[in-house]
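The next block holds one structure in the form of structure tokens; read it before the comments.
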2 protein chains.
Amino acid sequence: MRTKRFDPKSGCAVEVTLSVIGGAWKPVILFHLLEGKKRFMELSRLVPRATQRMLTLQLRELETDGVILRHVYPQVPPKVEYEISDFGRTLAPILVSLRDWGDAYRETNPNVPSEGEHGDPWACAHSG
Amino acid sequence: MRTKRFDPKSGCAVEVTLSVIGGAWKPVILFHLLEGKKRFMELSRLVPRATQRMLTLQLRELETDGVILRHVYPQVPPKVEYEISDFGRTLAPILVSLRDWGDAYRETNPNVPSEGEHGDPWACAHSG
DNA sequence: ATAGGTACTATCAAAAATGAGCGTACAGAT
DNA sequence: ATCTGTACGCTCATTTTTGATAGTACCTAT
């Protein structure tokens, strides 16, 4: 019983990719994971404007899509680490070009809000 | 009164780009327009599974985002041509890499529907 | 007089995505 | 004994997006 993510309207390959990275928080998550493994609470603090529910959902989808790995340590209190997979790393150049284009777009289009307008300077990723 | 497209949750630059190309039919439209100007009905026939309403909406958004140009000929019956702008052309490499990644993803993930499953072989774009 | 083509608009409805807030098990610290 | 922290799951509500359907103005062809 697949969600709509896998019933792309146009049947277009671009949509397949977008169904993988197109979630509201997925790009942010992925950029953070590109820097290294993170625990759940760690991500939650890095992306404070995402509810934990959303974080969970997006991480689950990223996991079933094979772009991240989930390591569960059988401890109490629980410990779960998220890591980007090798396959997930192939998304890196795409994410970067999407980010760069978005930046360029903001320069030409002044009415597009910039990062940090919601008080979250770590919203996505930096150019450096 | 901006739609949500410009209130990206994470404030992330990637989301800005996705708000421009992320519509259900925008990638398909853009691939077709990369091949040349098209009239409205022409597009409607090229993307038959999109309702005309959707086509109109998506074209309007693409226009206000500056990635396509709309030429209205003061005739009756009306004639309107859509053309990709120079700025819109800067999206081409991104669209191509999104498509290629989606194709690769489909190879590794067999339960992802392929193009043409809805009887629309021209759904998005071809590799050649 | 009727029908067909063009590029839409308008209205209503459904589906999909996201948000808010609470609950949970258990260990360690106080 | 109480409190805090972890990594969620569950339910309800709202926002956002998409679809279905019908209608419009005007010209040409039949």
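Taking the nucleotide of DNA chain C with the nearest heavy atom to each of B:E81 and A:G22, the more 5' of the two is matched to B:E81.
With sequence neighbours excluded, the residues that form a side chain to side chain donor-acceptor pair (under 3.5 Å) with A:T90 are B:W101. Every residue was checked against the side chain to side chain donor-acceptor pair (under 3.5 Å) condition with B:E42, not counting sequence neighbours, and none meets it. Qualifying side chain to side chain donor-acceptor pair (under 3.5 Å) partners for B:E83, counting only residues two or more places apart in sequence or in other chains: B:H71. With sequence neighbours excluded, no residue forms a ring-ring contact (aromatic ring centres under 6.0 Å, His included) with B:W25. For B:R53, there are no side chain to side chain donor-acceptor pair (under 3.5 Å) partners two or more places apart in sequence or in a different chain.
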N/O-N/O pairs, protein side and nucleotides 20-23 of chain C side, under 3.5 Å:
from   : atom 1 : to    : atom 2 : distance (Å)
C:dA20 : N6     : A:R53 : NE     : 3.4

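The side chain of A:P77 has D:dG5 as its nearest neighbour among D:dG5, C:dT9, D:dT18. Taking only side-chain atoms of B:M41, from C-beta outward, the nucleotide of D:dT6, C:dA7, C:dA27 with the closest atom is C:dA7. Closest to the B:P78 side chain, of the nucleotides C:dG19, C:dA7, D:dT6, is C:dA7. Counting only heavy atoms from C-beta on, A:V80 has its side chain closest to D:dA7 among D:dA7, D:dG9, D:dT6. Side-chain atoms of B:R70 lie closest to C:dA7 of the nucleotides C:dA7, D:dT18, D:dA7.
Among the heavy atoms of the strands, none lies under 4.0 Å from A:Y73.
Contact annotation: A:W25 side-chain N/O to C:dG19 OP1/OP2 distance is under 4.0 Å.
Between the CD atom of A:E42 and the P atom of D:dC8 there is a distance of 13 Å, rounded to whole Å.
Taken from CG in A:L62 to CG in A:L57, the straight-line distance is 11.0 Å, to the nearest 0.5 Å.
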